[in-house]
Amino acid sequence: MQNLAPLKLGVLGSGKGSNFVAIAQAIQAGKINAQVQIVLSDVEDAGILEHARALGLRAEFIAPGRFRTKLEPQAEERVVELLREAGVELVVLAGYMRMIKAPLLEAFPSRIINIHPSLLPRFPGLESWKQALEAGACTTGCTVHYVDGGMDTGPVIAQSEVPVLPGDTAATLHARIQVAEHALFPEVIAKLAAPRRG
Ligand code: GAR
């Protein structure tokens, strides 16, 4: 039997939310059999929350606590609670800038995916486009991968290559990578959400 029910997504992000918008538009266009149940951010004024609210979606700020690179354990427990209450089946990290720890990893095993702005395993961590420029790379790109306890180390699902062009600045290269991200991330989610045998 096939499961035609839309895959229920929970989206986490810390930034302007352009990847979230690309996913939401692909859902609206009928290209992904999914629905966004909830959007959460560790940044109160993040664009991703504004975009989600503009679409009438539930969108909440989670106060991150005292750490810079991860959520306070209680805050991450709250994230798990909200995702569960919303019936989320797949957690999508769309520009979420903190490490994922045990509460969330254990609640959604192999059901958390992330987009990263490089061809992993090259240039993990922050501002990967700057790392690519500084390394003199001729190509870079973006990667969608399953999330594990490491930094950008989980199994790769798909990658898209992007050239580094003469005269590129950090801004022009990141913008070119983002165009690739906005195509790749919805494609991957569409495949994961495609009618599954139930
Ligand atoms: C994206 O380029 C994404 O790959 C990157 O943050 C940007 C978010 O943009 N994520 C990471 O670097 C995670 N390590 P957006 O808020 O416009 O989607």
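Indexing begins at 1, ligand by ligand and atom by atom, following the structure's order.
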Can you produce the list of protein nitrogen or oxygen atoms under 3.5 Å from a nitrogen or oxygen of ligand 1, alongside each distance?
{"residue": "ligand 1", "atom": "2 (O)", "partner": "H174", "partner atom": "NE2", "Å": "2.8"}
{"residue": "ligand 1", "atom": "2 (O)", "partner": "Q178", "partner atom": "NE2", "Å": "3.3"}
{"residue": "ligand 1", "atom": "2 (O)", "partner": "E181", "partner atom": "OE1", "Å": "3.0"}
{"residue": "ligand 1", "atom": "2 (O)", "partner": "E181", "partner atom": "OE2", "Å": "3.0"}
{"residue": "ligand 1", "atom": "4 (O)", "partner": "E181", "partner atom": "OE2", "Å": "2.4"}
{"residue": "ligand 1", "atom": "9 (O)", "partner": "Q178", "partner atom": "NE2", "Å": "3.2"}
{"residue": "ligand 1", "atom": "14 (N)", "partner": "H116", "partner atom": "ND1", "Å": "3.4"}
{"residue": "ligand 1", "atom": "16 (O)", "partner": "K16", "partner atom": "N", "Å": "3.3"}
{"residue": "ligand 1", "atom": "16 (O)", "partner": "G17", "partner atom": "N", "Å": "2.8"}
{"residue": "ligand 1", "atom": "17 (O)", "partner": "K16", "partner atom": "NZ", "Å": "3.3"}
{"residue": "ligand 1", "atom": "17 (O)", "partner": "S18", "partner atom": "N", "Å": "2.8"}
{"residue": "ligand 1", "atom": "17 (O)", "partner": "S18", "partner atom": "OG", "Å": "2.5"}
{"residue": "ligand 1", "atom": "18 (O)", "partner": "S18", "partner atom": "N", "Å": "3.4"}
{"residue": "ligand 1", "atom": "18 (O)", "partner": "N19", "partner atom": "N", "Å": "2.9"}
{"residue": "ligand 1", "atom": "18 (O)", "partner": "N19", "partner atom": "ND2", "Å": "2.9"}

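To the nearest 0.5 Å, atoms CD (E72) and CD (E77) are separated by 11.5 Å.
Among the candidates R122, Q159, E181, the single residue satisfying the side-chain hydrogen bond (donor to acceptor under 3.5 Å, both in side chains) test with T143 is Q159.
P163 and L173 make their closest contact through O-CD1, 3.9 Å (heavy atoms, listed as atom of the first residue, atom of the second, distance).
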Side chain to side chain contact (heavy atoms under 4.5 Å, CB included) between L40 and I62, intermediate numbers included: CA-CA 7 Å; L40 301 172; I62 303 292; 4.3 Å; yes

Candidate pair E76 and Q74, rule side chain to side chain donor-acceptor pair (under 3.5 Å), full reasoning: CA-CA 5 Å; E76 200 169 285; Q74 294 91 324; over 6 Å; no

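Taking the six-membered ring for Trp and thresholds of 30 and 60 degrees, W129 and H174 have nearly parallel ring planes, at less than 30 degrees apart.
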